[in-house]
Number of protein chains: 2
Amino acid sequence: MDGARLERILSALRASGGRITTARRALVTAIVEADGHVTAEDLAETVQRSHPDVHRSTIYRTLDALEELGLVDHVHLGHGRAVYHLLDDPHQHLVCERCGHVIEVPDELFRPLADDLQKGYGFRLRPNHFAVLGRCAECAATP
Amino acid sequence: MDGARLERILSALRASGGRITTARRALVTAIVEADGHVTAEDLAETVQRSHPDVHRSTIYRTLDALEELGLVDHVHLGHGRAVYHLLDDPHQHLVCERCGHVIEVPDELFRPLADDLQKGYGFRLRPNHFAVLGRCAECAATP
DNA sequence: TTAGCTGCAAAAGGTTTGCAAATTA
DNA sequence: TAATTTGCAAACCTTTTGCAGCTAA
């Protein structure tokens with residue numbers, strides 16, 4: 001399963017004229033295995049476990065390259081580091097502003113809102129880039 | 001009108017045990033006059049026009065104080081600086097990810113979504129902290 | 001008088017960049 | 001070989017912090 005995702009990504013990278021280096025393969029493997037909610041820092045650590053001298057800047061540059069190809073996106077879940085994730089399975093991030101808990105919800109929930117914004121403002125929603133803040137069930141219960 | 005807002009904010013600040021200094025009065029005036037979408041940098045510049053040695057750190061500290069009192073909030077419209085705004089008139093920010101244009105829309109538009117999230121996930125939406133990205137009408141029209 | 005603010009300078013924290021050397025296709 | 005990537009070190013940019021002096025109440 002994951003092998004296929006890995007290959008899909010590497011092929012796209014290659015097809016765009018990019019090169020598959022050890023560092024890139026290791027990074028892509030790390031993202032595929034992490035499968036969501038990983039910071040550049042997390043990825044750097046994972047990659048460095050097997051390839052100690054892959055530098056943070058390489059991580060960032062490769063993530064940039066993957067984003068430009070539309071294979072990866074990053075989301076700001078709060079202040080501080082962004083998290084990166086693969087672009088299949090479109091979903092939103094609900095983040096509890098008190099405990100930090102992250103809930104993934106399917107994109108379709110945002111459909112009605114997206115339609116309203118389209119009709120009323122001509123605005124085409126692409127809400128994935130920032131998290132949606134609020135309170136999770138537990139934190140909403142305890143004041 | 002704005003005088004009333006100014007006084008309301010200063011009173012709240014005073015009531016919480018805070019002191020009204022020249023710097024604080026100037027900053028609050030600047031926010032009231034700017035009325036939305038101002039960065040700390042913008043505010044610093046405005047304040048410094050009349051009070052050149054108010055330092056950036058004072059701006060940030062005062063904004064913090066105002067946020068703690070629930071008088072002001074800040075929103076991340078994109079990468080880089082956050083923007084600050086007064087907390088009356090609850091609204092959302094739609095930001096065009098291509099041209100950067102900001103559209104304010106009333107909170108009520110998010111009511112149905114908020115209800116869905118509440119029902120389905122026990123999640124209480126508080127969406128104001130991050131902007132909602134997408135494409136404005138013009139940019140959506142031209143590919 | 002005294003708690004609360006301030007300016008300054010310096011640091012923090014995440015991300016980006018210039019460069020020369022190394023590597024891929 | 002030619003074009004891309006890489007590691008490194010240093011810079012960047014916004015925001016935060018420690019501190020000693022200043023000031024509003």
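Quick note: numbers below take in every heavy atom, side chains included, and nothing from hydrogens, waters or symmetry partners. Letters A, B, ... mirror the listed sequences (proteins, then strands); counts begin at 1. None of the values given here were measured: they were computed from a predicted structure.
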On DNA chain D, does the nearest nucleotide to B:Gly18 precede the nearest nucleotide to B:Ser57 from the 5' side, or the other way round? Give the residue.
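The 5'-side residue here is B:Ser57.
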Between B:Arg56 and B:Thr22, which residue's closest nucleotide on DNA chain D lies nearer the 5′ terminus?
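Here B:Arg56 is the residue nearer the 5' end.
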Write down the distance between [atom1] ([X]) and [atom2] ([N]), rounded to a whole number of angstrom.
X: B:Arg14; N: C:dC5; atom1: CZ; atom2: P; answer: 12 Å
X: B:Tyr60; N: C:dT6; atom1: OH; atom2: C1'; answer: 17 Å
X: A:His76; N: C:dG13; atom1: NE2; atom2: C1'; answer: 14 Å
X: A:Ile59; N: C:dT16; atom1: CD1; atom2: C1'; answer: 15 Å
X: B:Ile20; N: C:dT6; atom1: CD1; atom2: C1'; answer: 15 Å
X: A:Leu63; N: C:dG14; atom1: CG; atom2: P; answer: 15 Å

With sugar-phosphate meaning primed atoms plus P, OP1 and OP2, does A:Arg81 contact a base, only sugar-phosphate, or nothing at under 4.0 Å between heavy atoms?
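If one applies the 4.0 Å heavy-atom cut-off, A:Arg81 turns out to touch the sugar-phosphate alone, with no base involved.
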Base, sugar-phosphate or nothing for A:Thr39? Non-hydrogen atoms, less than 4.0 Å.
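No contact at all - A:Thr39 keeps every heavy atom at 4.0 Å or more from the nucleic acid.
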Hey, which of A:Gln92, A:His85, A:His37 is the one that makes side chain to side chain donor-acceptor pair (under 3.5 Å) with A:Glu104?
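Output: one option passes, namely A:His37.
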Nearest-0.5 Å distance that lies between atom CZ in B:Arg24 and atom CD1 in B:Ile59
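Reported value, rounded in 0.5 Å steps: 11.0 Å.
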Along DNA chain D, first and last positions that approach a heavy atom of chain A under 4.0 Å:
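Contact span on the strand: D:dA3 to D:dC8.
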So which atom in B:Val47 and which in B:Ala30 form the shortest heavy-atom distance, rounded to 0.1 Å?
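What the structure gives for the nearest pair is CG2-CB, 4.2 Å.
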Which heavy atom in B:Leu109 sits nearest to a heavy atom in A:Leu113, and how many Å separate them?
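Residues B:Leu109 and A:Leu113, closest heavy atoms: O-CD1, 3.5 Å.
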May I have the step-by-step check of side chain to side chain contact (heavy atoms under 4.5 Å, CB included) for A:Leu86 and A:Val72, ending in yes or no?
CA-CA 4 Å; A:Leu86 294 174; A:Val72 157; 3.9 Å; yes
Using a 6.0 Å cut-off, check whether atom CZ of A:Arg126 has over 12 heavy atoms from anything other than its own residue.
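Above 12, so yes.
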CZ/A:Arg14: more than 12 non-hydrogen atoms of other groups inside 6.0 Å:
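Yes, CZ of A:Arg14 has more than 12 neighbouring heavy atoms, counting only those of other groups under 6.0 Å.
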Phosphate-side-chain proximity, B:Thr62 and C:dT6, N/O vs OP1/OP2 below 4.0 Å:
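Answer is yes, contact under 4.0 Å.
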Taking atom types as they are modelled, is there a donor-acceptor pair under 3.5 Å from the base of C:dG7 to the side chain of B:Arg61?
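In this structure, the two groups form a donor-acceptor pair.
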First encountered from the 5' end of DNA chain C, between B:Asp53 and B:His79:
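So the residue in question is B:Asp53.
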